[in-house]
Participant: 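Before anything else, here's the structure in question.
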Amino acid sequence: MTQRLRNALDQYCTQTRCTASNTFADATLDRVGLADRYTVVNSPLGDVFVAWNSRGVSALRQAGDAEAFTRWFNKRFSRRALPAQAEPEIVGLVRRALAGENVDLPVDLRDCTPFEAAVLAKAREIPKGHARPYAWVAREIDHPRAVRAVGSALANNPVPLLIPCHRVVRSDYTCGDYVFGSERKRRLLRDEGLRLEPIQELARRGVRYIGQPEDNCFCLPTCGTNVIAEGHTGFHTVEEALAQGLEPCSTCRPIAAA
DNA sequence: TGGGTGACGACGC
DNA sequence: AGCGTCGCCACCC
C-alpha cells in the first residue's frame, strides 16, 4: 500500500461529513488495517484517550495533546489513529469497564508476544480490591523465574486500567512502578479499598500469609480487603500455615498448584 | 547475533 | 532500614 493511497484514504475519511459515510469509512480503513479510531473517555485517572478497531480496544493513554497521542500510537503500532466521528458500542463497554463494571471487553493484543499476552491475561484475572506480586504472575504462567520480564510485559500493557496492571505489586508489597507513575497506582489501589501500608509493615516482619479461620484457608495478605482482620493469624512460611490444618486459598493461590 | 536493558527479587552490608 | 549488587529472562536493536 503506497503512502499516497494511505493519505488519500485518510483525507477521504477526515473530510467526509455524513455520519453513515463516516461509519463506512471507519470500517473500510479498519478492514485494510490502516487506522484505528479514538475518543476521550472519563476514567478513575481522569480523561483518557481510548483507541479501538474491529478486534477490540487497542490503546489507552492519559488524555491531553491529541497530536502527541496519535504520534505515540503510530510509532507504537505502525498504523494510524484517527478521531472517531461516531461512537460504536465498544465505547459504551469501555465506559462501563472504567466505571468499575465487570464487562467482557474485547482487547486487541495482536502485537503482543505470547509471553506478554499470558502476562496480561493473568493480570486481567486479578479482581478489584486485590493485588498480586510480580513473582506470583510469573509463577502462575509457568515462567517462575521470568519475574523481571513480567514487569516489562506489564510496562508494555497497551490498555492500562482496562487490563488492571496496577494490581500487580512487589513481593514486599511496595507498589512498584506504573505507566502513569507509582503515586497514581497507589491511589488506584487505595480507591479499590486496598491499604498497602499495614501489609508492607507485616511483610517487613516476615509475615507473608494470613490465615482465614472462617474459610479454613490461608491467603496472600492482598487477597481482597478483608484479609487483615482481628483473629487472623499471620504466617512466615507455607509450612506454618499448613501445620495449622489450613488449605491454600483457591482465589489467591498462595502456593504453586500440586 | 549477541549484548544491552528493564514496572523484579534475594542477599549483603 | 535502605541501599547496592547481582542473577534472572524476554525482548530489542
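Below, chain A is the first sequence line, B the second, and so on; all start at residue 1.
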Participant: Measure CZ/A:R76 against C1'/C:dC12 and give the value in whole Å, please.
Facilitator: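 To the nearest whole Å, that distance equals 13 Å.
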Participant: Counting only side-chain heavy atoms from C-beta out, which of C:dC11, B:dC8, B:dG6 sits nearest to A:S152?
Facilitator: B:dG6
Participant: Atom CG of A:D172 to atom C1' of B:dC8: distance rounded to whole Å?
Facilitator: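 Taking CG of A:D172 and C1' of B:dC8, I get 10 Å after rounding.
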Participant: Whole Å only: how far is the OH atom of A:Y173 from the C1' atom of B:dC8?
Facilitator: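 In whole Å, B:dC8 C1' and A:Y173 OH are 14 Å from each other.
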Participant: Please report the distance, rounded to the nearest Å, between CZ in A:R132 and P in B:dA7.
Facilitator: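 Rounding to the nearest Å, CZ of A:R132 and P of B:dA7 are 23 Å apart.
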Participant: Between P on B:dC8 and CG on A:N156, what's the gap in Å once rounded to a whole number?
Facilitator: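 So the CG-P distance, A:N156 to B:dC8, works out to 14 Å.
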Participant: Rounding to a whole Å, what distance do you find between A:E116:CD and B:dA7:C1'?
Facilitator: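 Nearest whole value for this atom pair: 13 Å.
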Participant: Are any of A:R170's side-chain N or O atoms less than 4.0 Å away from OP1 or OP2 of B:dC8?
Facilitator: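 For B:dC8, OP1/OP2 do have a side-chain N/O of A:R170 under 4.0 Å.
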Participant: Establish whether the base of C:dG7 is bridged to the side chain of A:R145 by a donor-acceptor pair shorter than 3.5 Å.
Facilitator: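 No, no donor-acceptor pair under 3.5 Å.
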Participant: Determine whether A:H130 and A:E125 satisfy the following criterion, side chain to side chain donor-acceptor pair (under 3.5 Å), listing intermediate values before the conclusion.
Facilitator: CA-CA 10 Å; A:H130 289 233; A:E125 293 176 13; over 6 Å; no
Participant: Where the side chain of A:A146 is concerned, which of C:dC9, C:dC11, B:dC8 is the nearest nucleotide?
Facilitator: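 Within the option list, the nearest is C:dC9.
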Participant: Looking only at atom types and distance, does a side-chain atom of A:K185 sit under 3.5 Å from a main-chain N or O of A:D177, one as donor and one as acceptor?
Facilitator: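 Looks like yes, one N/O pair under 3.5 Å.
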Participant: Specify whether A:F73 and A:F77 have parallel, tilted or perpendicular ring planes, treating 30° as the upper limit for parallel and 60° as the lower limit for perpendicular.
Facilitator: tilted
Participant: Expressed in angstrom and rounded to an integer, what is the separation of A:E201 atom CD from C:dG2 atom P?
Facilitator: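 About 10 Å, once rounded to whole Å.
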Participant: Has A:W136 got a side-chain atom pairing as donor or acceptor with A:C252's backbone, closer than 3.5 angstrom?
Facilitator: yes
Participant: Starting the side chain at C-beta, find the nucleotide from B:dA7, B:dC8, C:dA10 nearest to A:R148.
Facilitator: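 Of B:dA7, B:dC8, C:dA10, B:dC8 is nearest to the side chain of A:R148.
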Participant: Is the shortest side-chain N/O distance from A:H143 to OP1 or OP2 of C:dC9 below 4.0 Å?
Facilitator: no
Participant: Which whole-number value in Å describes the distance from A:R139 CZ to B:dG9 P?
Facilitator: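 Interatomic distance, CZ of A:R139 to P of B:dG9: 13 Å.
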Participant: Can you tell which of C:dA1, C:dC11, B:dC8 lies closest to the side chain of A:Y134?
Facilitator: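 Of C:dA1, C:dC11, B:dC8, B:dC8 is nearest to the side chain of A:Y134.
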Participant: Measuring from A:C219:SG to A:Y209:OH, what's the distance to the nearest 0.5 Å?
Facilitator: 12.0 Å
Participant: Ignoring the backbone of A:F115, work out which of C:dA10, C:dA1, B:dC8 is nearest its side chain.
Facilitator: C:dA10
Participant: At less than 3.5 Å, do the side-chain atoms of A:Y178 and the base atoms of B:dA7 form a donor-acceptor pair?
Facilitator: no
Participant: Looking only at heavy atoms, what is the nearest atom pair of A:G224 and A:L194, with distance?
Facilitator: O-CD1, 3.6 Å
Participant: Given A:S58, which partner from the list A:D111, A:D108, A:D36 fulfils the side chain to side chain donor-acceptor pair (under 3.5 Å) test?
Facilitator: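 That would be A:D36; it is the only one of A:D111, A:D108, A:D36 passing the side chain to side chain donor-acceptor pair (under 3.5 Å) with A:S58.
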Participant: Need one value for A:C175: base, sugar-phosphate or nothing, where a base atom within 4.0 Å counts as base even if backbone is also close, heavy atoms only.
Facilitator: nothing
Participant: To the nearest 0.5 Å, what is the distance between CZ on A:R37 and CH2 on A:W52?
Facilitator: 8.5 Å
Participant: Which dot-bracket string fits DNA chain B when only Watson-Crick or G-U wobble pairs with both atom distances under 3.5 Å count, crossing pairs get [ ], and | stands for a partner on a different strand?
Facilitator: .|||||.||||||
Participant: Given C:dC11, C:dC9, C:dA1, identify the nucleotide with an atom nearest to the side chain of A:R204.
Facilitator: C:dA1
Participant: Where the side chain of A:V179 is concerned, which of C:dA10, C:dC8, B:dA7 is the nearest nucleotide?
Facilitator: B:dA7
Participant: Would you classify A:A155 as touching base, sugar-phosphate or nothing, given that sugar-phosphate means primed atoms plus P, OP1 and OP2, and contacts are heavy atoms under 4.0 Å?
Facilitator: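 Since a base atom lies under 4.0 Å of A:A155, the category is base.
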Participant: Counting only side-chain heavy atoms from C-beta out, which of C:dC8, C:dC11, B:dA7 sits nearest to A:C165?
Facilitator: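 Nearest nucleotide to the side chain: B:dA7.
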